[in-house]
Amino acid sequence: MFGFARRIRLWRAALSFPALLCAHQALGQPAFPPSEEKYTLGKLVDLAIQNTQLLSSLDARIEEKRLLAAQARVWQGSSLDFLAGRRREAALGGPRYELALAQPLPLLGKPGLRGGLLDLEAESWRVSRHASRLSITLNVAQLAYEYSADRRKAAFVENRQKRFDLIRTYLAGRAFPTPQRKAESRIVENRLKSLASDAIQSQAGFKASLEKLKAYVPLESGKYPDIEAPWFAGTRSLDEKEWLARALENNPDLRIQRLVVKSAGLERTLASREGLPDPSLVASYEEGRIAETEKNYGLGLSLALPSWNRNRSAIRSAEQRRLAEESLLGFTEQKLKAELLRALVEYEAARQIIVKYPQSLLAELEIQLEEAEEGFRKGQVDLLTFLELDGSAAETYVRVLDAQLGLAAKAAELLTAAGEVDSLARLGSF
């Protein structure tokens, strides 16, 4: 009887924290094994650019408008008239032939105006292509940060689960459990249930972020690659005037709207000239024979009379469109200024949060939890204090990672507004 009780006590002692310490060493390991696939942000963006068909579609649009512009500038072809009949004079008659060649002369510049309108459309598509490439670049970068953060969150939740499993085993192995120990065990059990729910959500979020990334980058299914996303230090403040000037000059929406305004002006000019006919150069040859052959040659200009309306309504309509597009341009500029100033304020707030949550804090939190576990094992830290520290450490851990995501989002918004060409390099400087 006493031997059996002694064996029970020895078995319980084996389940104590010192014996479980070896198992706890695995807590420092990541929740997912290191992947052989490693990507930098630059590599991911290159793969996304190569994989997307959107840019190919926009390239075709640009070429379509360029070819149409070239065709619109081609002069209208010549016209050839041939007449044959008989010429009669008194009792005499004979054959008669007439040949006329007419070449319209676009002296009013209408083909050039039509080609210019199509050139502006092609330029608008070029700006759209630049904006699309910028959007793909920054979307991939943000998704890479989201994926990396979600992966670390999932690993942290898994480690918390392991930690509380060890505590539960330790409390269950204590001899003669008191009401206090029972309450502690129940607290741990409840916390484990919450962590199980958190683990499910974190795993789902981690995998979902990877699937969102696959919408741009052709990553292999079933694998979780390592992505090297530069850590934001938050040491760079932004100059309001500099960014406002860059945005007003390079913002894609503004550039497209300026092209629309210019196009509306050309349409107004073209409408005013549509009411005037183009002259034509005419060359003619006429031959008729009765008693003798008679030949007539001619060279001159043919000019149709302008219509009495002279396209006045179309001119007024084009003028109203020009005024409408100019007003829309002013509104777009005003809106951009307000949105940019708002984004700069939010960026500065995100930057200050980054400073308060540096990368080194993650390692500090791990050390704090290890020290608390050691104190709890030795009876120097009670369970409720340990639980409070664990909860605050988990909240801080998430805040550190969310701060990175927040700054990445604000930096991407500013780079988009400014139409930054080398956006990826600029993103790494924040």
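For the numbers below, each heavy atom of this structure counts, side chains included, while hydrogens, waters and symmetry mates do not. Sequence positions, counted from 1, serve as the residue numbers for this chain.
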Could you state the interatomic distance from [atom1] ([X]) to [atom2] ([Y]), rounded to the nearest 0.5 Å?
| X | Y | atom1 | atom2 | answer |
| --- | --- | --- | --- | --- |
| Leu107 | Leu281 | CG | CG | 10.0 Å |
| Leu120 | Leu118 | CG | CG | 9.0 Å |
| Leu415 | Ser135 | CG | OG | 12.0 Å |
| Glu228 | Leu44 | CD | CG | 10.0 Å |
| Leu143 | Tyr147 | CG | OH | 12.5 Å |
| Leu341 | Leu244 | CG | CG | 6.0 Å |

Considering only heavy atoms from C-beta outward, does the side chain of [X] approach that of [Y] to under 4.5 Å?
| X | Y | answer |
| --- | --- | --- |
| Leu414 | Leu340 | yes |
| Ser272 | Asn311 | no |
| Val45 | Ile49 | yes |
| Glu348 | Val345 | no |
| Ile62 | Glu121 | no |
| Tyr39 | Val217 | no |
| Leu210 | Pro225 | yes |
| Pro358 | Trp231 | no |

Carboxylate-amine/guanidinium contact [X] [Y], below 4.0 Å:
| X | Y | answer |
| --- | --- | --- |
| Glu420 | Arg246 | yes |
| Lys193 | Asp198 | no |
| Glu123 | Lys262 | no |
| Arg322 | Glu267 | no |
| Lys214 | Glu211 | yes |
| Asp119 | Lys65 | no |
| Arg258 | Glu333 | yes |
| Glu220 | Lys223 | yes |

Ring geometry between Tyr145 and Phe232 (parallel below 30°, tilted from 30 to 60°, perpendicular above 60°): parallel
Nearest atoms (heavy-atom pairs only) where [X] meets [Y]:
| X | Y | result |
| --- | --- | --- |
| Val127 | Leu259 | CG2-CD1, 4.3 Å |
| Lys110 | Asp278 | CD-OD2, 3.7 Å |
| Leu254 | Ala247 | CD1-O, 4.0 Å |
| Ser128 | Ile256 | OG-CD1, 3.6 Å |
| Val157 | Leu195 | CG1-O, 3.8 Å |
| Ala48 | Val140 | CB-CG2, 3.7 Å |

Test item: [X] side-chain N/O and [Y] main-chain N/O as donor-acceptor pair under 3.5 Å:
| X | Y | answer |
| --- | --- | --- |
| Thr416 | Ala412 | yes |
| His130 | Trp125 | no |
| Asn251 | Ala417 | yes |
| Arg273 | Leu108 | yes |
| Ser57 | Gln53 | no |

Establish, from distance only, whether the side-chain atoms of [X] and [Y] form a donor-acceptor pair under 3.5 Å.
| X | Y | answer |
| --- | --- | --- |
| Asp59 | Ser56 | no |
| Asn51 | Tyr216 | no |
| Gln257 | Thr332 | no |

Does atom [atom1] ([X]) have a neighbourhood of more than 12 heavy atoms from anything else shown, all under 6.0 Å?
| X | atom1 | value |
| --- | --- | --- |
| Glu388 | CD | no |
| Gln76 | CD | no |
| Arg399 | CZ | no |
| Gln71 | CD | no |

Check against salt bridge (charged side-chain N to carboxylate O under 4.0 Å, His left out), Arg114 and Glu274: CA-CA 11 Å; Arg114 296 188 185 101; Glu274 290 287 3; 2.8 Å; yes
Distance under 6.0 Å and angle within 45° of ring axis: Arg151 vs Phe206: no
Derivation and outcome, salt bridge (charged side-chain N to carboxylate O under 4.0 Å, His left out), residues Glu98 and Arg96: CA-CA 7 Å; Glu98 182 178 347; Arg96 176 181 177 274; 2.9 Å; yes
Tyr285-Tyr297 aromatic ring centre distance below 6.0 Å: yes
